[in-house]
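These notes are about the structure you will find just below.
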Amino acid sequence: LIEENAILRSKINKLQILSETQADKMRKLEKKLEENKIKEEKEAQDLEAMVQHVEQNLQLMTKRAVKAENSAAKLRQENALLQAELRNSKLENEALRASQAGLAAAKQNAEVALQHLLQVTTSSRASIRQLLSGAESLQLVADLLKSIDRISEVSEDGQ
């Protein structure tokens, strides 16, 4: 009975040591789990901040693109008006040539109209380039958002 009692005490000691070892492992795993949760929360916050930043940039670029489109439309209208003015000046110039009266004034009007037309054409080209640049920026942001979606899908698949 004493021998059996000693064997049982030995088993109890071994089981207590095993229990303490497993409790230590469990505490370490719980700590690691908590660290991983904190890390994932920080990554999620960082990702959310990046998405918000991208959305703000997208809104800003959209506003710029709308402004550039409006500016281009106004410049097109002005260009059309100046072209009409140029046509009228040319017609007036031809009429003046036919009558040989006031040739110098018509020539000057045509030159002024031509200068205006050239200025508007130059401005229109710059605005169109700006509009194209804005469209390229929007495409870049769209590609970035697609990449973020892929990263999110990979993160979900990897968990």
Side-chain angles (χ1 to χ4, degrees), residues 20-159:
E20 288 173 8
T21 304
Q22 288 178 347
D24 284 343
K25 284 182 184 178
M26 192 165 107
R27 281 190 291 276
K28 288 177 185 177
L29 288 173
E30 286 174 346
K31 184 178 177 182
K32 190 171 184 177
L33 178 64
E34 187 62 31
E35 289 172 356
N36 285 343
K37 283 182 182 178
I38 291 170
K39 183 179 175 183
E40 285 180 11
E41 287 175 5
K42 185 182 181 320
E43 288 175 354
Q45 289 172 352
D46 291 346
L47 185 59
E48 180 64 28
M50 185 173 68
V51 167
Q52 288 177 356
H53 184 69
V54 168
E55 286 174 349
Q56 289 171 352
N57 285 343
L58 182 61
Q59 289 174 352
L60 182 62
M61 284 187 235
T62 301
K63 287 179 184 177
R64 286 181 183 165
V66 167
K67 186 177 178 182
E69 287 174 3
N70 290 339
S71 177
K74 287 178 185 177
L75 290 172
R76 281 188 210 107
Q77 288 176 346
E78 188 177 339
N79 191 10
L81 290 174
L82 288 174
Q83 284 180 353
E85 185 179 323
L86 179 62
R87 282 191 299 272
N88 290 339
S89 295
K90 285 182 179 180
L91 290 174
E92 184 179 325
N93 190 17
E94 289 175 9
L96 289 175
R97 276 189 186 160
S99 66
Q100 293 294 321
L103 179 61
K107 223 177 193 182
Q108 185 179 0
N109 287 342
E111 286 179 14
V112 168
L114 179 60
Q115 290 303 317
H116 285 292
L117 179 61
L118 291 173
Q119 288 173 353
V120 169
T121 302
T122 302
S123 296
S124 297
R125 285 182 180 148
S127 294
I128 289 170
R129 281 189 209 108
Q130 187 180 21
L131 179 61
L132 289 173
S133 174
E136 290 173 358
S137 296
L138 288 174
Q139 182 62 45
L140 178 64
V141 169
D143 292 344
L144 179 61
L145 288 173
K146 285 180 186 176
S147 296
I148 290 172
D149 285 342
R150 286 190 214 119
I151 290 171
S152 296
E153 290 174 8
V154 169
S155 294
E156 290 174 9
D157 291 343
Q159 290 181 348

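The first residue in the sequence is number 1, and the count goes up from there.
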Does some side-chain heavy atom of [Y] sit less than 4.5 Å from a side-chain heavy atom of [X]?
{"X": "K37", "Y": "L33", "value": "yes"}
{"X": "M26", "Y": "Q22", "value": "no"}
{"X": "V120", "Y": "L81", "value": "no"}
{"X": "Q52", "Y": "E48", "value": "yes"}

Residue that, paired with H116, satisfies side chain to side chain contact (heavy atoms under 4.5 Å, CB included) out of L86, L82, T121: L82
Rounded distance [0.5 Å steps], [atom1] in [X] versus [atom2] in [Y]:
{"X": "I148", "Y": "M50", "atom1": "CD1", "atom2": "CE", "answer": "4.0 Å"}
{"X": "R87", "Y": "E85", "atom1": "CZ", "atom2": "CD", "answer": "11.0 Å"}
{"X": "N36", "Y": "E41", "atom1": "CG", "atom2": "CD", "answer": "11.0 Å"}
{"X": "E69", "Y": "S127", "atom1": "CD", "atom2": "OG", "answer": "11.5 Å"}
{"X": "Q139", "Y": "M61", "atom1": "CD", "atom2": "CE", "answer": "11.5 Å"}
{"X": "S124", "Y": "N79", "atom1": "OG", "atom2": "CG", "answer": "5.0 Å"}

Who passes side chain to side chain donor-acceptor pair (under 3.5 Å) against K39, sequence neighbours left out? none
For S133 and R129, indicate whether the former's side chain and the latter's backbone hold a donor-acceptor pair under 3.5 Å. no
Stepwise salt bridge (charged side-chain N to carboxylate O under 4.0 Å, His left out) test for K42 and D46: CA-CA 6 Å; K42 185 182 181 320; D46 291 346; 3.0 Å; yes
Residue pair N88 / E92, side-chain donor-acceptor N/O under 3.5 Å: no
Listing request: all side-chain hydrogen bond (donor to acceptor under 3.5 Å, both in side chains) pairs with a residue in residues 56-65, at least two apart in sequence or in separate chains. H53-N57
Heavy-atom closest pair (L75 atom, S123 atom, distance to 0.1 Å) is CD1-O, 3.6 Å
Nearest non-hydrogen partners of A110 and S89, listed with the distance: CA-CB, 4.1 Å
Side chain to side chain contact (heavy atoms under 4.5 Å, CB included) with Q45: which residues, sequence neighbours excluded? none
Heavy-atom count around Q130 CD within 6.0 Å, excluding the residue itself: above 12? no
